[in-house]
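Okay, so here's the structure we're looking at.
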There are 2 protein chains.
Amino acid sequence: MLTDRQLLILQVIVDDFIRSAQPVGSRSLSKKEEISFSSATIRNEMADLEELGYIEKTHTSSGRVPSEKGYRYYVDHLLSPQALNKQDISIIQSIFAERIFEFEKIIQKSAKILSELTNYTSIVLGPAASFNKLKRIQIIPLNKESAVAIFVTDSGHVENRTFYLPPSVDASDLEKTVNILNERLTGVALEDLNDKIYKEVAMLLRQHIRNYDLMMHTIADSLKMPVNEKLFFGGKTNMLSQPEFHDISKIRDLLQMIDHEEWIYPLIKNDSAGINVKIGRENNNSAMENCSLITATYSVGAESLGTIAILGPTRMEYSRVISLLQFLSNDLTSVLTKLYQKY
Amino acid sequence: MLTDRQLLILQVIVDDFIRSAQPVGSRSLSKKEEISFSSATIRNEMADLEELGYIEKTHTSSGRVPSEKGYRYYVDHLLSPQALNKQDISIIQSIFAERIFEFEKIIQKSAKILSELTNYTSIVLGPAASFNKLKRIQIIPLNKESAVAIFVTDSGHVENRTFYLPPSVDASDLEKTVNILNERLTGVALEDLNDKIYKEVAMLLRQHIRNYDLMMHTIADSLKMPVNEKLFFGGKTNMLSQPEFHDISKIRDLLQMIDHEEWIYPLIKNDSAGINVKIGRENNNSAMENCSLITATYSVGAESLGTIAILGPTRMEYSRVISLLQFLSNDLTSVLTKLYQKY
DNA sequence: TGTTAGCACTCATCGAAGTCGAGTGCTAAT
DNA sequence: ATTAGCACTCGACTTCGATGAGTGCTAACA
């Protein structure tokens with residue numbers, strides 16, 4: 001495999017390029033403290049590294065730039081885990097300074113602060129509400145034709161759906177229905193509601209309500225709409241300041257992708273727990289060619305709840321970003337766990 | 001004032017520049033059908049128009065470009081009201097094709113379609129919920145320390161607030177409170193709730209509930225957070241395709257502004273009813289220097305409810321955009337009026 | 001045998017100089 | 001009042017050479 005000296009050179013090249021965004025030449029490398037051999041030697045080593053695919057030239061006589069493979073190796077083996085400085089830590093902790101009612105607020109603030117600390121774009125996937133347990137259902141008729149159903153979970157999350165009332169249903173039917181639903185469904189996870197309604201509640205409704213099936217379908221239907229995890233962004237325009245995005249068409253592709261939430265989900269979801277780094281084309285997305293995405297999950301107990309992510313150029317400060325995400329996701333997890341534990 | 005010939009020339013210049021984004025020269029003008037005099041004559045007239053401030057040169061020997069004053073005059077006096085084509089009309093009407101429960105859906109779809117039809121950025125200010133009437137309040141305790149208050153309006157809009165319970169309050173207190181609130185506040189506009197609570201409900205609560213004041217403040221406080229009208233956007237990245245925004249720094253300013261909702265409100269609010277056109281610096285915003293903003297209000301009956309707007313370059317297809325907004329706002333108004341009339 | 005100095009070569013970047021063409025303003029003739 | 005004609009301007013584009021940071025290769029060296 002690679003010799004120690006090659007590793008050293010690779011590391012310094014990546015570090016330098018991350019800092020300067022300029023191709024790194026042998027002469028400037030040889031002047032670095034860490035490096036004690038001549039530029040000619042470095043040139044030889046660099047030729048080898050290039051042949052192995054870790055670095056590239058932008059043109060025949062240019063300095064070297066890390067390739068995706070180079071970044072990959074750097075992230076996997078050469079990253080010097082960098083301690084966060086105290087200021088960063090206190091800024092992150094300020095997220096939790098206020099008394100907290102709603103995750104959304106925390107999540108939103110997290111996204112904002114992450115993007116400000118890094119100058120990259122942050123993406124935060126809000127906590128999945130789907131396994132929250134139902135606390136209470138209310139149905140409030142608006143007029144003869146429609147009513148709004150309100151679902152409150154044990155975590156204080158509120159979902160509501162407006163639906164048309166079947167013509168035959170009257171107020172007392174509604175009341176009975178609500179009672180039955182509350183009796184049977186309290187404590188059930190949102191994602192299981194639909195199932196449970198058909199399996200357990202249908203029978204009961206049949207006994208008490210005329211036209212129970214219409215009613216039931218209506219309610220069950222209104223629950224089918226996914227309780228989608230919300231996405232929050234911070235620093236959407238930060239990428240505009242990155243030198244690799246001087247090209248308008250690249251910017252456009254990227255911003256277009258950011259503005260389509262449905263395209264973001266597949267990027268940041270279904271990663272394994274913990275920190276994940278996807279570099280350039282590893283994201284399987286043409287708009288992300290020059291971008292890396294670092295994700296971290298946060299959780300309650302063992303259950304992974306959501307994701308925080310940083311989107312930056314491949315030339316990203318991996319070490320710092322990873323530390324930040326690590327730290328924030330830990331904090332999120334512990335705060336949320338404390339919060340959930342109450343219920 | 002301006003002679004007919006000058007008006008003609010101004011109009012053709014603006015039309016041509018809107019189409020081509022290129023400065024318009026005397027020679028190319030003289031070749032137009034509408035124009036029957038020579039390029040030299042046009043040059044003389046253009047010199048006059050320039051002196052009067054309606055057109056500008058980009059450099060000494062360039063063609064002419066409309067100034068803000070020129071656009072203003074064009075919009076105020078020269079605009080040929082353009083009939084919408086049938087396709088546009090049917091696309092707009094597709095917004096209302098589905099059965100409608102929630103304004104938000106309509107509004108969102110409106111924003112999307114407006115931006116697609118125009119290739120500019122659309123901004124839609126959702127209907128103000130503040131004058132909706134309260135239909136029902138529910139308070140649902142989550143645990144010993146906190147509860148969530150739910151406010152349902154006659155239009156089916158649901159607001160919820162989580163709050164800490166004063167320690168001395170128990171379940172029966174809550175129930176009584178809710179009853180009193182519902183009795184007294186049903187039918188009151190959201191914006192009047194806070195007032196009404198202190199003026200009318202306080203007394204009643206005092207009679208029935210221990211520590212009524214703590215409870216009351218808590219609830220009233222939770223209502224103080226503004227029931228903010230939501231903003232919806234369409235085509236945020238469309239401006240990236242406009243040739244006047246080849247400059248990254250301009251783009252950044254603009255996109256940054258679009259991403260700060262709080263900066264958008266002052267731009268599109270407190271305009272008089274109907275169509276409003278703000279050109280360039282009329283928007284009082286440095287990021288909008290090369291942009292125009294066209295807004296239209298939609299309403300229920302006489303009450304103006306919200307705003308739809310198109311943000312484009314000053315070189316915008318004023319005629320078409322105005323027609324589109326006019327048409328859509330009319331449709332929105334009539335659909336919403338029908339909807340509201342029910343209650 | 002690994003390291004290094006030296007050298008020829010490559011290529012992006014920059015500025016100067018030149019050409020082209022679309023445009024203008026002005027003047028004089030119609 | 002209109003227009004043809006002409007000198008002039010200036011941005012856009014091209015060419016050219018100089019500069020300098022970088023490379024690869026070779027030969028000398030420890």
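Below, read A as the first sequence line, B as the second, and so on, with proteins coming before strands; counting in each chain starts at 1. Worth saying up front: this structure is predicted, and the values here are computed from it rather than measured.
With sequence neighbours excluded, no residue forms a salt bridge (Lys or Arg N to Asp or Glu O under 4.0 Å) with B:Asp48. For the ring pair (Phe, Tyr, Trp, His ring centres under 6.0 Å) test, residues two or more places apart in sequence or in another chain that qualify with B:Tyr318 are B:Tyr71.
Between A:Lys250 and A:Asp253 there is no salt bridge, since none of the side-chain N atoms of the basic residue sits less than 4.0 Å from a carboxylate O of the acidic one.
We find that CG of A:Asp48 is positioned 13 Å from C1' of C:dG2, with the value rounded to whole Å. Here D:dT2 presents its C1' atom at 13 Å from CD1 of B:Ile9, a figure rounded to the nearest Å. For A:Ile42 and C:dA5, the CD1 to P distance is 11 Å, given to the nearest whole Å. What separates NE2 of B:His59 from P of D:dC10 is a distance of 9 Å, to the nearest Å. Distance CD (A:Gln6) to P (C:dT3): 11 Å, rounded to an integer number of Å. Spacing between atom CZ of A:Phe17 and atom P of D:dG22 amounts to 13 Å, rounded to whole angstrom units. A:Glu45 places its CD atom 18 Å from the P atom of D:dG22, with the value rounded to the nearest Å. In this structure, B:Ile35 atom CD1 and D:dT3 atom P are separated by 12 Å, rounded to whole Å.
Applying salt bridge (charged side-chain N to carboxylate O under 4.0 Å, His left out) to B:Asp16 and the options B:Arg315, B:Lys32, B:Arg64 leaves one that passes, B:Lys32.
Taking CD from B:Gln87 and CD1 from B:Ile89, the interatomic distance works out to 11.0 Å, rounded to the nearest 0.5 Å.
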In B/S/- notation (B base, S sugar-phosphate only, - none; protein heavy atoms under 4.0 Å), nucleotides 20-30 of chain C written 5' to 3' is --BBBB-----

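Judged by distance alone, with hydrogens and angles left aside, the side-chain atoms of B:Gln11 form a donor-acceptor pair with the main-chain N or O of B:Leu78 at under 3.5 Å.
Side-chain N/O atoms of A:Arg5 include one lying less than 4.0 angstrom from OP1 or OP2 on C:dT3. Of the side-chain N and O atoms in A:Thr41, one or more sit less than 4.0 angstrom from OP1 or OP2 of C:dT4.
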